[in-house]
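Protein chains get the first letters and strands the later ones, always in sequence-line order, with residue 1 at the start of each.
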There are 2 protein chains.
Amino acid sequence: MVKITDVARRAGVSPSTVSYALSGKRPISEETRQRVEDAIRELGYRPHAGARALAGRRSNVLALVVPLRSGIHVPTVMQFAVSVVTTARRYDHDVLLLTQDEGEHGLTRVADTALVDALIVMDVQLDDPRLPLLRTLDLPSVLIGFPVSSEGLTCVDLDFRAAGEACVEHLARLGHRVVALVGSPPEVYVRQTAFAQSVVQGFTAAADRCGMSSTVHPCEPDAAREVAEQLLREQPALTGVVVHNEPLLQPLVDAFEQLGLRVPADLSVTAICPDELAESVRVPITSVALPSAEVGARAVELLMKKLDGTAVPESTLLPPRMTERASTGRRTVA
Amino acid sequence: MVKITDVARRAGVSPSTVSYALSGKRPISEETRQRVEDAIRELGYRPHAGARALAGRRSNVLALVVPLRSGIHVPTVMQFAVSVVTTARRYDHDVLLLTQDEGEHGLTRVADTALVDALIVMDVQLDDPRLPLLRTLDLPSVLIGFPVSSEGLTCVDLDFRAAGEACVEHLARLGHRVVALVGSPPEVYVRQTAFAQSVVQGFTAAADRCGMSSTVHPCEPDAAREVAEQLLREQPALTGVVVHNEPLLQPLVDAFEQLGLRVPADLSVTAICPDELAESVRVPITSVALPSAEVGARAVELLMKKLDGTAVPESTLLPPRMTERASTGRRTVA
DNA sequence: TTCCTTCGTCGAAGCGCTTCGACAGGCGTC
DNA sequence: GACGCCTGTCGAAGCGCTTCGACGAAGGAA
């Protein structure tokens, strides 16, 4: 293994000079820096991560806690994780993967052993048991999602409330008067996951504001047909649907069509989902994008600022971005 | 931060004794061990990961390289990753997440900086550019999937060839004579991904051996309808289908039914996919399980053995496990 | 009894890096 | 010209842990 003393000898300087040339924490003359860089290249030097972490009190590793529970959309999680890793690499950090099942112990462990410098926690619940811990831990952290109170924490997410509103308002502008929200599976609401509730709130508030009649339907991933039938039965005047349930989107559209409704002629459908998904449905769906990659990148950027000692806002709500596609149209008077 | 000297003082022993009590690398009297453990508990001691890595030349971290490319089934990857993390934790290791886009540099980097002790590489291609690197790197590694030659490497995977055979043989036993394989998207074959090719080989070989007529159809994820139509047009005598393409499974079954074929009365369908998926289709599918969790666990176990210095077999092929469900039946003579 | 082991513990020497204080030399200022 | 002040570099002191060699005590073999 080639170490810093080898580089120093080769460049004709002291190890500390090599270190400073690398970190830029003290001025080094251009000429010396060049010699050091050459030596590093020639010897193929790579600083030892453990030694660096020990002496520098920074491991340059972030922990990412991913959810495992049912009802979450796996590709979205994965896309998020990849974006976190990619962004972290741009800041010369690596990412340690933790699963939710180690729970709070996992967080304490990686924090206490100084394995990581900071934490990213996904799938935060309104009243998440990890919050007190995160508040006392002296590691910086960023949460994906919003608990009841984000006081003393840093949270990022799509503004789901605004997303719900945007869908309704879009339908309102198109003349629809009766709308339904087909939501996540019931267990997601029972868990009090913030984002699911926010959508409901935004949806309901906007519908009320626009004087529309609205209903909400939590829904299991394989219950497309039943929900479609139920909706038509209970709400014959329904002309607008908002879907906030990724795996259900395509089946639900299929079910409506099988029940004789044309999209968008008879029924306008909007969704809150990744753009990719919205575009892959047979009738491309007008949707508010679920920007996992952006959220991931943003989370890392916030964390880097915090590690620098820069203050960051407690909450970062990404504004919804709606893309009109083929699945929505003006209400045709029956 | 509480450190080993604090523990030592509290227990009335030297730091080295604490270290040995913890690692078990030298005999320690029961009484001393007890005092040390008490001190650790009382003080809440956690060894510093960096210091440990520096002195002990082991970071207790594994790198997991996950694929990002199109055509792979994301939930399967995720399930695999989770299983790797869970198993690694059982051996007191953590998992660093690397994405494929850092490529070989990522591997060299984490190896050279001694950030990790070992590597798990997913989505290996027949002629993977990373192979020479993995052979020369002195870190132990395990590959998921099989390249052309696994010489000097350690590879684990489902025995995809046998899986392909099992599907065909199952159909053969049921009296089917004309079968088709609906495979992964063309790009997967172009990339020479081993597992996809193995399925084709097994499928074809078994069909030949059984005197069946067989064809193979790589297929894009959204081309269900087209493929179904094409199959019926080009092979009117077709009565058995093997699907090796997760996202396509449900749509393909739907398409067949829409074309007037009942499953399994008119057409028997088998698949190679996660059990979970096979069970979630409207007609539960007879399938060979894609045991991501087992593969992940096995990969970690092999790695742990290698880290111990134990020799392990170069290739570990998990035998296919087939579960009969509702989608296959005896061929009804037309 | 003597000698050789084994057991249980300690002290000290590192692991490879960062960082602090020091200092030499060059510059601008009054 | 004396002074202070940057600029650029060095040496040394750790960071918290593991491990090696040493050593006293206890036990067994001869």
Rounded to whole angstroms, how far apart are CD1 on I40(A) and P on dC17(C)?
10 Å
Separation of dC17(C) P from L22(A) CG (nearest whole Å)
10 Å
Rounded distance (nearest 0.5 Å) linking atom CD of Q100(B) with atom CE of M122(B)
9.0 Å
Heavy atoms under 4.0 Å, any strand shown: does S19(B) hit a base, just sugar-phosphate, or nothing?
base
Between the base of dG8(C) and the side chain of S29(B), is there a donor and acceptor pair under 3.5 angstrom?
no
Nearest-Å distance, CZ (R35(B)) to C1' (dG8(C))?
12 Å
Look at all strands and tell whether P27(B) reaches a base, only sugar-phosphate, or nothing, counting heavy atoms closer than 4.0 Å.
base
By nearest-heavy-atom nucleotide on DNA chain C, the more 5' of E31(B) and V18(A) is E31(B)
Might you confirm whether atom NZ of K306(A) has over 12 heavy atoms from other residues, nucleotides or ligands at distances under 6.0 Å?
yes
Is the closest basic N to carboxylate O distance between D38(A) and R41(A) below 4.0 Å?
yes
In terms of the nearest nucleotide of DNA chain C, which residue is placed more toward the 5' end: M1(A) or S16(A)?
M1(A)
Please give, in whole Å, the distance from dT18(C) P to I28(A) CD1?
13 Å
Regarding R26(A), tell me which of base, sugar-phosphate or nothing describes its non-hydrogen contacts under 4.0 Å with the strands shown.
base
Where the side chain of A55(A) is defined as all heavy atoms beyond and including C-beta, which of dG14(D), dC10(D), dT19(D) is the nearest nucleotide?
dG14(D)
Does a side-chain N or O from K3(B) land closer than 4.0 Å to OP1 or OP2 of dC17(D), or not?
no
Between S23(B) and L54(B), just flag the one whose closest nucleotide in DNA chain D comes earlier from the 5' side.
L54(B)
Are R35(A) and E31(A) close enough for a salt bridge, meaning some N to O gap below 4.0 Å?
yes
Reckon R52(A) has a side-chain N or O less than 4.0 Å from the OP1 or OP2 of dG16(C)?
no
What's the closest nucleotide to the side chain of I4(B) if the choices are dC17(D), dC20(C), dG16(C)?
dC17(D)
Verify the distance criterion only: is there a donor paired with an acceptor across the side chains of T17(B) and S14(B) at less than 3.5 Å?
yes
Within this structure, what is the NZ-to-C1' distance between K25(A) and dG21(C), rounded to whole angstrom?
17 Å
Using the side-chain heavy atoms of T32(A), tell me which of these nucleotides is nearest: dG8(D), dC10(C), dG16(C).
dG8(D)
Between dT19(D) (P) and Y20(B) (OH): distance, integer Å
7 Å
Nearest-angstrom distance from the residue atom CZ of R57(A) to C1' of dA13(D):
13 Å
Quick note, S14(A) side chain, CB onward, closest among dG11(D), dG16(D), dC17(C) is dG11(D)
Residue pair D6(B), K3(B): steps toward the salt bridge (charged side-chain N to carboxylate O under 4.0 Å, His left out) verdict:
CA-CA 5 Å; D6(B) 301 329; K3(B) 36 197 178 187; over 6 Å; no
Between C1' on dC7(C) and CZ on R33(B), what's the gap in Å once rounded to a whole number?
13 Å
